[in-house]
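Below, chains carry the letters A, B, ... as their sequence lines are ordered, and counting in each starts from 1. Predicted, not measured: the structure shown is a model, and the values here were computed from it.
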There are 2 protein chains.
Amino acid sequence: MGMRLAARDESVPLAAAPTKARGMSRERAKEARRRQLIEATIDGIARKGFADLKIADIAAEAGLSVGIVNFYFKSKDALLIATLKHLVEDYEQHVSQVLARAGKSAAAQIDAMIEADFARTHANRKHVTVWYAFWGETRWRPEFSKLCADLSTAFQQSMTEAMQRLIDEGGYRDIDASLVARGLNAMIDGLWLDMLINPKQTDRETAKASVRALLAGLFPKEFGPRRSANDVSAA
Amino acid sequence: MGMRLAARDESVPLAAAPTKARGMSRERAKEARRRQLIEATIDGIARKGFADLKIADIAAEAGLSVGIVNFYFKSKDALLIATLKHLVEDYEQHVSQVLARAGKSAAAQIDAMIEADFARTHANRKHVTVWYAFWGETRWRPEFSKLCADLSTAFQQSMTEAMQRLIDEGGYRDIDASLVARGLNAMIDGLWLDMLINPKQTDRETAKASVRALLAGLFPKEFGPRRSANDVSAA
DNA sequence: ATAATCTGAATGATGGTTCAATCAAATCAC
DNA sequence: GTGATTTGATTGAACCATCATTCAGATTAT
């Protein structure tokens with residue numbers, strides 16, 4: 001390898017490197033930087049798109065230099081995988097929290113899952129944009145694929161269980177819990193796409209109303225027209 | 001501009017250029033090549049993904065040289081836009097045909113739209129893959145965005161009209177046609193995503209069954225458990 | 001003969017990655 | 001404690017591989 005020494009201009013001082021907070025252990029500081037770069041990647045995708053996202057964009061978004069990315073992640077690809085992993089974990093945690101806070105009845109749990117999916121913190125333009133960017137690439141990246149499939153399966157399972165409980169307790173006939181749960185989850189993802197493509201026509205509230213409209217037909221006792229969301233949310 | 005002359009090896013003959021069929025006018029031949037390149041682009045996206053698709057891949061897929069792409073399209077971007085336009089037009093035509101063949105009752109028309117969406121020719125791995133690739137990029141490409149939004153709006157409108165007719169004629173109460181139509185369309189898109197991410201769990205038939213399961217709850221007379229798809233399909 | 005079509009090597013721009021130099025924090029020596 | 005030394009973190013220019021695009025020349029159709 002030949003010389004690649006830079007002729008640094010001594011008259012220009014280097015930008016002050018952001019200093020870790022006092023008392024923060026090196027290990028924790030390292031974790032914080034990784035997190036910072038992941039957040040910058042999310043913002044970067046939202047701003048520039050998946051295809052146009054450069055390492056330089058991520059660095060700029062984080063207020064750091066380009067070299068730093070390969071110091072904390074072995075490649076751009078590894079950073080993208082870490083970012084999707086972060087999104088998945090964040091989403092799982094969000095749903096768990098909402099479910100734990102909700103009433104234990106089957107209807108309340110289903111309602112909570114819907115609320116979780118359309119919460120302001122997650123069903124916003126930035127998040128939806130980034131999720132669809134990843135989904136668009138999933139097909140050719142096995143690591144993306146696995147993360148998405150596992151999340152989808154887990155959510156599907158929770159929804160099916162709650163649905164089965166609702167069917168059993170409510171004495172409903174001729175309803176396949178698994179099919180309905182799959183349709184419901186699909187509808188939620190599709191409504192996200194709608195919010196992405198037609199934000200004028202579909203907002204969070206309209207989307208939630210759409211989901212409830214279909215639930216009302218299947219489970220009139222719990223989601224019927226005379227019952228409000230508050231009724232089912234109460235334990 | 002300096003010389004960029006190639007020292008072509010005269011001993012190797014150029015590959016025979018595919019010749020247009022006899023009697024084909026130049027205008028038609030040109031259209032055929034454009035179409036060929038668009039098909040190659042679709043195959044290329046399906047095979048390599050949006051992010052990794054090179055001009056060389058498209059040319060190879062079409063069995064032509066790299067130079068040809070910029071002869072028929074002013075840029076790679078223009079080719080991608082033409083490809084999406086082709087997909088949109090093809091899909092619109094497909095839906096029109098299926099609707100025209102179906103019975104005129106509201107239920108039959110709704111059923112036909114579902115059948116159209118899950119037809120073997122369109123709800124297959126290749127098509128779904130490519131659509132999601134485009135959707136993933138839509139956010140940052142106004143041309144993509146407009147094409148997708150227009151298609152979505154048109155389909156939404158047809159579905160809402162049929163739904164309203166079903167509600168009026170069937171004497172249903174407390175059902176908002178627009179909300180239900182939006183939910184239904186969203187569910188279809190979401191089931192496509194499911195087929196993409198979890199192909200083992202979700203195939204065309206399961207997906208259709210999911211849609212019908214929800215419709216059965218809302219419109220028991222037309223889609224209820226005792227009625228088969230054939231019943232509503234008949235005029 | 002002329003125009004349209006087609007080829008593929010050369011070009012030039014772009015952007016991921018590397019790495020020598022520099023800075024900052026932690027540890028050590030006393 | 002204070003200065004010296006080691007270790008870790010950060011920078012950004014240089015490197016280099018990768019394409020989209022161009023275009024001189026070859027081929028084919030009219």
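In this structure, B:Glu31 does not pair ionically with B:Arg28, as no charged nitrogen and carboxylate oxygen lie closer than 4.0 Å. Between A:Asp43 and A:Lys126 there is a salt bridge, since a side-chain N of the basic residue sits under 4.0 Å from a carboxylate O of the acidic one. Under the 4.0 Å criterion applied to side-chain N and carboxylate O atoms, A:Asp111 and A:Arg212 are assigned as salt-bridge partners.
Close to C:dC6, at under 4.0 Å from its OP1 or OP2, lies a side-chain N or O of B:Tyr72.
Put simply, CZ on B:Phe71 is 7 Å from P on C:dC6, counting in whole angstrom units. Rounded to whole Å, atom P of D:dA20 lies 8 Å from atom CG of B:Asp57. What separates CD1 of A:Ile68 from C1' of D:dA13 is a distance of 16 Å, to the nearest Å. Between A:Arg33 atom CZ and C:dA25 atom C1' the separation is 13 Å, expressed in whole Å. Rounded to whole angstrom, the span from the CD1 atom of B:Ile58 across to the C1' atom of D:dC19 amounts to 12 Å. Rounded to whole Å, atom C1' of C:dT17 lies 14 Å from atom CG of A:Asp77. Whole-Å rounding puts the A:Lys30 NZ to D:dT7 C1' distance at 12 Å. Rounded to whole Å, atom C1' of D:dA9 lies 15 Å from atom CD of A:Glu31.
The side-chain heavy atoms of B:Asp57 and B:Arg47, taken from C-beta on, include no pair separated by under 4.5 Å.
Among the nucleotides D:dG12, D:dA9, C:dT7, the one closest to the side chain of B:Leu64 is C:dT7. In this structure, the nucleotide among D:dA9, D:dA13, C:dC6 sitting nearest to the side chain of A:Val66 is D:dA13.
Under the 3.5 Å distance criterion, with hydrogens and angles disregarded, a donor-acceptor pair is assigned to the side chains of B:Thr206 and B:Asp203.
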Just the atom pairs and distances: protein N or O near nucleotides 13-16 of chain C's N or O, under 3.5 Å.
{"residue": "C:dG15", "atom": "OP1", "partner": "A:Lys54", "partner atom": "NZ", "Å": "2.8"}
{"residue": "C:dG16", "atom": "OP1", "partner": "A:Lys76", "partner atom": "NZ", "Å": "3.0"}
{"residue": "C:dG16", "atom": "OP2", "partner": "A:Ile55", "partner atom": "N", "Å": "2.8"}

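No engagement by B:Phe73 is indicated, since no non-hydrogen atom pair under 4.0 Å with the nucleic acid exists.
Residues passing the ring pair (Phe, Tyr, Trp, His ring centres under 6.0 Å) test with A:His127, sequence neighbours excluded: A:His122.
Taking the six-membered ring where the residue is Trp, the centroids of A:Trp131 and A:Phe134 are separated by 6.0 Å or more.
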